[in-house]
Amino acid sequence: KIMTLDKAREMLGTHVSLGSGYNRNAARLVLGEVQRDHGQQAVDMLIREFNMEELWGIKPGTVFESQYK
């Protein structure tokens with residue numbers, strides 16, 4: 001099943017608002033799905049949109065391997 005960017009934004013918004021380390025890991029899983037379905041440009045856009053570099057040290061350009069290949 002494809003992860004839409006709207007669904008990814010909804011999920012990431014929840015994880016970012018909670019902000020814990022557990023949510024960081026969950027966000028990384030979401031980004032892995034986005035990577036698989038939409039590519040690096042979409043991942044980098046979401047990282048910037050949700051300020052994940054400042055929040056969790058997740059930098060644009062980071063490659064996320066989806067566990068669901």
Side-chain angles (χ1 to χ4, degrees):
K1 188 171 179 178
I2 290 183
M3 169 74 71
T4 67
L5 292 179
D6 286 339
K7 183 64 177 173
R9 276 190 181 92
E10 179 183 324
M11 294 172 75
L12 291 169
T14 299
H15 294 306
V16 166
S17 70
L18 297 171
S20 76
Y22 292 110
N23 295 102
R24 176 185 185 272
N25 291 335
R28 291 176 63 87
L29 290 173
V30 172
L31 292 171
E33 293 299 296
V34 171
Q35 178 105 45
R36 184 192 71 191
D37 295 338
H38 301 284
Q40 189 66 47
Q41 189 173 5
V43 169
D44 292 348
M45 175 189 67
L46 291 168
I47 289 170
R48 289 184 185 100
E49 185 176 327
F50 288 97
N51 202 23
M52 290 186 212
E53 186 169 5
E54 186 176 309
L55 182 63
W56 290 315
I58 299 173
K59 298 179 193 256
T62 303
V63 174
F64 297 92
E65 291 283 323
S66 171
Q67 62 188 33
Y68 306 107
K69 291 185 177 179

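Note that the coordinates shown come from a computational prediction; the quantities given were computed from them, not determined experimentally.
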- Task: Calculate, to the nearest 0.5 Å, the distance between atoms NZ and CD belonging to K7 and E33 respectively.
- Result: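 That separation rounds to 12.5 Å.
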- Task: Working to the nearest 0.5 Å, report the span between CG of L29 and CE of M11.
- Result: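 Nearest 0.5 Å value for the CG-CE distance: 8.5 Å.
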Which atom of [X] lies closest to which atom of [Y], heavy atoms considered:
| X | Y | result |
| --- | --- | --- |
| R48 | P60 | NH2-CB, 3.5 Å |
| K1 | R36 | O-NH2, 3.1 Å |
| D44 | G61 | OD1-N, 2.7 Å |

- Task: Using modelled atom types only, decide if a donor and an acceptor are shared between the side chain of D37 and the backbone of I2 within a distance under 3.5 Å.
- Result: no
- Mind checking whether L5 and L31 sit in one hydrophobic cluster, side chains of I, L, V, M, F, W, Y counted as touching below 4.5 Å?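 Yes, same cluster.
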- Task: Determine, using the 4.5 Å side-chain heavy-atom cutoff (strictly less than), whether L18 and V16 are members of one ILVMFWY cluster.
- Result: no
- Item | Passing candidate, side-chain contact (heavy atoms from CB on, under 4.5 Å) with F64, options V34, V30, I58 | I58
- Task: May I have all residue pairs that pass side chain to side chain donor-acceptor pair (under 3.5 Å) and include part of residues 49-64, sequence neighbours excluded?
- Result: R9-E49
- Would you list the pairs meeting side chain to side chain donor-acceptor pair (under 3.5 Å) in which at least one residue belongs to residues 11-20, sequence neighbours left out? H15-N23, S20-N23
